[in-house]
Amino acid sequence: MTVDGRVSEREQALDELRAAQRLVVVTHENPDGDAVGSLLGMQGILSALGKHCLTFIAQRDLPLPVEYRWFELPELITEPPADLAQRTIVFLDCGNVQRSPAEAFCRPGMPVLNIDHHHDNTRFGTVNLVCDEASCTAEIVWDLLGALELEPTLAVAEALYVGLITDTGRFMYENTGRRAHLMAADLIEAGVDVHDIYRRVYEDVPYGKLALLARGLSNVRRYDDGRLTMAALSAEDFAASDALESYSEGVIDHLRAVAGTELAALVRDRIGEPDARGRRKVSLRAGNDRIDVSAIARVQGGGGHRQAAGFTTGLTDGELVSFLRDQLARQT
Ligand SMILES: [Mn+2]
């Protein structure tokens with residue numbers, strides 16, 4: 001209990017996990033390393049507790065991005081389970097429920113546990129464990145693992161480690177603190193082979209990913225003395241590079257890294273799911289800690305972290321550039 005008598009979020013989440021017998025773990029669309037890692041880590045923990053826990057990933061998000069395709073996906077389902085009404089739904093790494101293909105799972109009266117680290121989380125669960133100081137959702141799952149007095153299996157440790165290294169930019173982003181390194185040490189003790197994971201996640205790059213990066217870097221535009229750096233990837237770029245939608249991951253890091261960049265933006269066509277309204281995905285990164293890109297994304301109905309966020313838009317290229325320049329001017 002906390003001083004004001006309320007059971008803490010963490011205790012509520014632990015009670016929910018201990019009490020539930022049948023669960024389904026879900027995450028956000030276009031799952032990244034932390035989404036997959038926290039999802040599989042939590043599934044492994046719940047299975048170790050003797051629960052029946054399904055892993056839901058929508059068909060359109062499969063196969064996973066090549067970086068994560070080596071993961072085993074235990075108890076995988078791609079459609080809502082027949083006994084959904086008897087299950088507790090555990091959302092991992094979802095700032096808002098609209099970002100998850102499992103949004104339709106949430107019906108009135110159902111227990112929904114929302115475990116996340118986005119500061120703008122909409123607290124859509126019946127129980128919410130939102131820790132914006134955690135480097136990744138996998139770190140929250142790791143904390144729960146300890147509280148449940150479980151030792152991670154190798155599969156759980158590898159999953160959580162992938163969430164940790166991807167969301168911290170291999171321990172280099174601002175969210176990397178002492179706890180991130182303690183977690184790494186703990187997972188290494190549980191058997192994680194750091195270099196082996198590095199090779200699986202960051203090497204074995206398909207040539208199409210390099211080709212797509214080359215096309216993105218060939219059309220970089222800079223505005224306002226280089227404070228806004230942006231690039232675009234069209235459906236044609238993806239086709240010419242023989243690239244999957246997920247191959248665009250990482251392109252934006254090159255834009256952010258350019259000296260003087262305060263706001264980096266990558267705009268790309270949806271190719272996995274051709275969108276009749278021609279809406280495009282925009283990823284944003286902050287070049288310094290004065291910029292809050294999640295606030296910019298929220299104006300367009302998206303969200304994320306201060307340093308990394310995104311939204312989907314029907315704006316034309318000209319409108320998008322004006323919008324981003326205006327938002328940048330407002331924040332500086
Ligand atoms: Mn995350």
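First listed ligand is number 1; within each ligand, the first listed atom is number 1.
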Closest approach to the Mn ion (ligand 1) by Asp167, given as the N, O or S atom name: OD2

From Asp269, Leu233, Ile271, residue fulfilling side-chain contact (heavy atoms from CB on, under 4.5 Å) relative to Glu245: Ile271

Geometry at the Mn ion (ligand 1) - Asp34 OD2 versus His117 NE2 angle, rounded to 10 degrees: 100°

Gln331 and Asp292: side chain donor to acceptor below 3.5 Å: no

Minimum-distance atom from the Mn ion (ligand 1) among N, O or S atoms of Asp93: OD1

Check: Ser38/Thr137 side-chain N/O donor and acceptor closer than 3.5 Å: no

Ring-ring centroid check Phe56 Phe105, cutoff 6.0 Å: yes

